[in-house]
2 protein chains.
Amino acid sequence: MAEFKNIRIKDIAEMAGVSVATVDRVLHKRGKISEKALKKVMDALEKTGYKPNLIASTLGSNKVYRIAAMIPDPALDDYWNQSGAGIFKAKEDWSQYNVRIESFYFNLYEKSSFKQVAEKVLQFQPDSILLAPIFYHEALDFFDVLKEKGIPYILFNTNIPEAEPISFIGQDLYQSGRVGAEMLATKMKAPGNIAVLHIYEDIQNAVHLKEKERGFRDYFSDNRLEEFNIQSYDFGSYLVAEFDREVLNVLNRDSISGIFVSTSKGSYLAAAVLDKYGKKDLVLVGYDLLKDNIHYMYDGVINFLINQNPKKQAFLGVSYLVNYLLFKKQPPVTELFPLEVITRENIKSYLYSGLH
Amino acid sequence: MAEFKNIRIKDIAEMAGVSVATVDRVLHKRGKISEKALKKVMDALEKTGYKPNLIASTLGSNKVYRIAAMIPDPALDDYWNQSGAGIFKAKEDWSQYNVRIESFYFNLYEKSSFKQVAEKVLQFQPDSILLAPIFYHEALDFFDVLKEKGIPYILFNTNIPEAEPISFIGQDLYQSGRVGAEMLATKMKAPGNIAVLHIYEDIQNAVHLKEKERGFRDYFSDNRLEEFNIQSYDFGSYLVAEFDREVLNVLNRDSISGIFVSTSKGSYLAAAVLDKYGKKDLVLVGYDLLKDNIHYMYDGVINFLINQNPKKQAFLGVSYLVNYLLFKKQPPVTELFPLEVITRENIKSYLYSGLH
DNA sequence: TGTAGGTTTGTGTGCGGACACATTGTAGAA
DNA sequence: TTCTACAATGTGTCCGCACACAAACCTACA
């Protein structure tokens with residue numbers, strides 16, 4: 001089909017018996033057009049199935065679009081470091097195009113810094129924003145401003161549906177917990193006590209972690225795996241020394257033989273304890289390919305990791321925005337990443353493979 | 001960095017005190033240039049770090065690049081059907097650009113058809129080719145022609161290093177076997193007999209399947225899992241009735257409790273036997289998210305699948321070619337895909353997630 | 001009937017680069 | 001010295017679209 005040359009605006013103009021400017025006007029809904037002209041142009045457009053040449057379009061409008069990416073400071077946390085890498089990659093990939101991509105970092109541990117950075121972002125006057133909305137309330141305030149200003153935004157990592165972003169990129173947390181449960185169940189010997197460890201530093205994480213836990217527990221009940229006893233423990237904040245002791249306490253007191261850690265950072269913190277006290281025989285399931293997690297997986301302390309792919313999430317977020325601005329391509333409302341199961345044998349294939 | 005406007009050819013020309021045509025000549029190595037002019041231009045290029053505006057470039061040269069994709073007929077096999085889908089997706093994605101992507105299908109079961117199709121591909125006069133080189137010798141002959149004509153090509157799915165393609169896209173088969181072994185080992189109860197089933201219809205597959213088997217066996221020996229006994233069986237071709245009986249024979253005679261199937265189609269064929277004769281308690285590890293495999297995974301007959309991602313492989317192959325032709329971007333020499341472990345709990349997240 | 005003021009339509013240039021074609025420069029032959 | 005042949009360089013147009021600006025067309029009012 002369509003072995004023909006692509007239809008150009010000029011062709012439409014000729015067919016409709018008007019000038020290119022008129023066609024341009026109906027295409028972009030700018031300026032006023034007479035009923036007759038509108039109809040003629042519309043007819044021609046439909047008949048030909050005109051599609052604009054995006055290459056020529058972006059070249060013609062010399063506009064440079066501005067994209068702001070807001071994430072927690074990569075220097076403070078390896079998980080966000082990977083997100084940062086994804087944004088950097090996107091920056092490189094799109095460097096040839098008329099887009100300016102700028103990163104803005106806030107402090108993962110300070111809500112106030114989010115507000116400050118949000119202010120900076122607004123000063124940057126972005127045409128759209130990619131954002132990891134870690135701080136719920138602060139984010140909502142920010143969204144109000146953005147909506148008012150008509151600046152579209154994409155969320156990733158953490159979803160806030162009521163924010164009505166043009167797209168959310170992340171994972172199904174409930175299902176993620178089920179996968180963790182599944183891996184733990186296949187690896188553990190039947191009867192046994194399982195500990196779900198929530199190790200986090202920021203309260204608002206709690207909601208999300210509970211979602212994982214719900215999936216985790218549901219898996220066991222759905223499959224009637226009653227030989228396993230599940231107990232969950234919160235470590236809201238941790239001081240290195242105390243943390244070790246407390247975790248060890250729990251493991252010994254409740255004679256735990258399997259652990260599910262709901263956070264990426266928590267994964268290696270828990271692994272460190274198992275490693276330090278020679279408890280490698282416990283089955284440990286955690287999250288993400290952080291440097292330390294990789295290490296403990298090679299060492300056999302961590303058995304499975306579920307990959308949230310922070311790098312790819314961020315990369316895709318920026319790419320969606322570029323396509324949205326430059327090529328008027330609407331991103332999917334929600335893009336749920338696959339729940340990748342990482343093991344000792346396939347981990348390398350994940351580390352070395354590109355981002356595509 | 002580079003808060004400045006992008007450097008244009010015009011700027012370079014001014015800096016070097018020559019015309020844009022001269023700059024164009026050195027950039028494209030066409031026409032003759034004096035030593036002096038060359039030097040001046042080169043200096044300016046280096047000093048400014050000039051990067052061509054690819055948008056303008058593709059618009060300017062009105063050339064339409066032709067890409068041929070050669071794969072086994074999607075209608076005959078669900079695996080290749082997915083590859084076809086990947087090519088189709090790429091076609092849509094790049095439809096706006098100056099590329100014409102054409103698919104050519106050969107019969108998976110007839111070497112002669114490959115030759116015929118190769119002839120057609122040449123007639124199409126492609127600027128480059130994406131190819132799944134299923135038939136080794138026939139492919140080699142074809143490569144000779146392509147090299148002579150100077151037509152670059154990318155291979156996917158099956159590698160033929162001596163063909164020296166500009167890129168290979170696929171998986172590490174050896175490691176793939178190891179992952180299969182790992183999953184089987186975590187799921188099976190200790191002592192047990194394992195069957196490695198090679199179910200294929202084309203001989204040349206054998207080499208690749210042996211590579212998977214090697215990885216599979218190495219995993220067990222490396223981990224000193226001596227409680228498991230591994231036996232491999234070849235089903236070169238199969239007639240439905242006979243196949244069932246033979247497989248059943250093997251399973252009963254050697255009291256098999258775990259199965260590793262090295263092919264995607266073989267996976268559901270084996271699963272069908274287990275299903276039919278009520279042998280769901282056997283652990284089965286196979287390949288790929290084929291329709292029937294998905295079904296048997298939901299039903300609990302197949303325990304793990306390793307995803308080779310045929311759709312994405314093909315999609316990426318075409319995309320690499322487009323970038324290579326249009327934007328002069330060199331693809332990686334080898335792109336090894338992650339060895340994705342699919343389970344009952346994460347399978348949906350794979351089915352519903354996009355291609356990115 | 002002339003004209004101000006708004007509405008509708010058209011013309012022309014620029015975006016950055018590719019490339020056909022024109023022009024200038026230069027060395028050797030006549 | 002003049003002419004030829006080719007090497008070296010330059011000019012101008014086009015790619016398809018966006019958009020500023022100009023022109024033509026109406027309508028209503030004096």
Side-chain angles (χ1 to χ4, degrees), chain A residues 4-42 44-45 48-65 95-100 127 325-328, chain B residues 2 4-42 44-45 48-65 95-99 127 325-328:
Chain A
F4 320 106
K5 265 191 172 174
N6 279 326
I7 309 291
R8 301 161 300 171
I9 285 189
K10 201 179 168 186
D11 300 320
I12 300 291
E14 277 174 18
M15 287 184 61
V18 296
S19 74
V20 290
T22 304
V23 178
D24 178 87
R25 285 186 186 94
V26 351
L27 285 175
H28 295 79
K29 303 190 208 305
R30 59 177 152 226
K32 314 232 169 181
I33 323 149
S34 65
E35 291 283 334
K36 286 169 288 181
L38 178 68
K39 185 179 172 355
K40 285 190 291 183
V41 172
M42 290 299 263
L45 287 176
T48 57
Y50 168 78
K51 285 198 178 175
N53 179 327
L54 300 175
I55 296 283
S57 174
T58 64
L59 182 62
S61 86
N62 209 21
K63 181 165 169 49
V64 174
Y65 287 98
S95 64
Q96 305 287 349
Y97 297 75
N98 273 345
V99 279
R100 164 108 187 273
D127 293 290
L325 294 173
L326 234 48
F327 304 134
K328 320 300 174 207
Chain B
F4 320 106
K5 267 192 169 173
N6 278 326
I7 309 292
R8 302 160 302 170
I9 284 192
K10 202 178 170 188
D11 300 321
I12 300 288
E14 276 175 19
M15 286 184 61
V18 297
S19 74
V20 289
T22 303
V23 178
D24 180 86
R25 285 188 184 92
V26 351
L27 285 175
H28 295 77
K29 301 190 211 303
R30 55 176 155 228
K32 314 231 170 183
I33 322 148
S34 67
E35 291 282 335
K36 286 168 289 180
L38 179 68
K39 187 178 171 352
K40 284 190 293 182
V41 172
M42 289 300 263
L45 286 175
T48 58
Y50 169 78
K51 285 198 176 175
N53 179 327
L54 300 174
I55 297 281
S57 173
T58 64
L59 181 63
S61 88
N62 210 19
K63 182 166 170 48
V64 174
Y65 287 99
S95 64
Q96 304 288 351
Y97 295 76
N98 273 342
V99 280
D127 293 289
L325 294 173
L326 232 50
F327 303 135
K328 318 303 174 205

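Chain letters run A, B, ... following the sequence lines, proteins first and then strands; every chain starts at 1.
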Report yes if the side chains of [X] and [Y] come closer than 4.5 Å at any heavy-atom pair, otherwise no.
| X | Y | result |
| --- | --- | --- |
| Val18(B) | Val41(B) | yes |
| Asn6(B) | Asn53(B) | no |
| Leu326(B) | Val99(B) | yes |
| Tyr50(B) | Val23(B) | no |
| Val26(A) | Leu45(A) | yes |

- Task: Just jot down the side-chain hydrogen bond (donor to acceptor under 3.5 Å, both in side chains) partners of Asp24(B), sequence neighbours excluded, or say none.
- Result: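 side-chain hydrogen bond (donor to acceptor under 3.5 Å, both in side chains) list for Asp24(B), sorted by chain: Arg30(B).
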For [X] and [N], give me the distance from atom [atom1] to atom [atom2], rounded to whole Å.
| X | N | atom1 | atom2 | answer |
| --- | --- | --- | --- | --- |
| Ile7(A) | dG16(D) | CD1 | C1' | 13 Å |
| Asn98(B) | dC17(D) | CG | P | 11 Å |
| Asp24(B) | dC14(D) | CG | C1' | 14 Å |
| Lys10(B) | dC15(C) | NZ | P | 7 Å |
| His28(B) | dA20(C) | NE2 | P | 12 Å |
| Leu59(A) | dA18(C) | CG | C1' | 13 Å |
| Glu14(A) | dG10(C) | CD | C1' | 14 Å |
| Arg8(A) | dA18(D) | CZ | C1' | 16 Å |

- Message: Under 4.0 Å, counting only non-hydrogen atoms across every strand here, what does Arg30(A) touch: a base, just sugar-phosphate, or nothing?
- Response: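 Touches sugar-phosphate only.
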- Query: Under 4.0 angstrom, heavy atoms only, what part of the nucleic acid is Ile9(A) near: base, sugar-phosphate, or nothing?
  - Reply: sugar-phosphate
[N] phosphate, OP1 or OP2: any side-chain N/O from [X] under 4.0 angstrom?
| X | N | answer |
| --- | --- | --- |
| Thr22(B) | dG10(D) | yes |
| Ser61(B) | dC19(C) | no |
| Ser19(B) | dT11(D) | no |
| Ser34(B) | dT9(D) | yes |
| Tyr50(A) | dC17(D) | yes |

- Message: Between Ile9(A) and Leu27(A), does the side chain to side chain contact (heavy atoms under 4.5 Å, CB included) criterion hold? Intermediate values first, please.
- Response: CA-CA 9 Å; Ile9(A) 285 189; Leu27(A) 285 175; 3.8 Å; yes
- Message: Pick the closest DNA chain D nucleotide for Gly17(B) and for Ala56(B) by heavy atoms, then say which residue is nearer the 5' end.
- Response: Gly17(B)
- Which sits closer to the 5' end of DNA chain C, Ala21(B) or Leu54(B), going by the nucleotide each is nearest to? Leu54(B)
- Item | Least distance between heavy atoms, Lys63(A) atom then Asn98(A) atom | O-CB, 3.3 Å
- Message: At 10 degrees resolution, what angle do the end axes of the helix from dT1(C)-dA30(D) to dA30(C)-dT1(D) form when each is taken over five base pairs?
- Response: 80°
- Task: Look at the side chain of Arg25(A) against the base of dT8(C) and say whether a donor-acceptor pair falls under 3.5 Å; ignore hydrogens and angles.
- Result: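 Counting by modelled atom types and ignoring angles, no donor-acceptor contact under 3.5 Å is found here.
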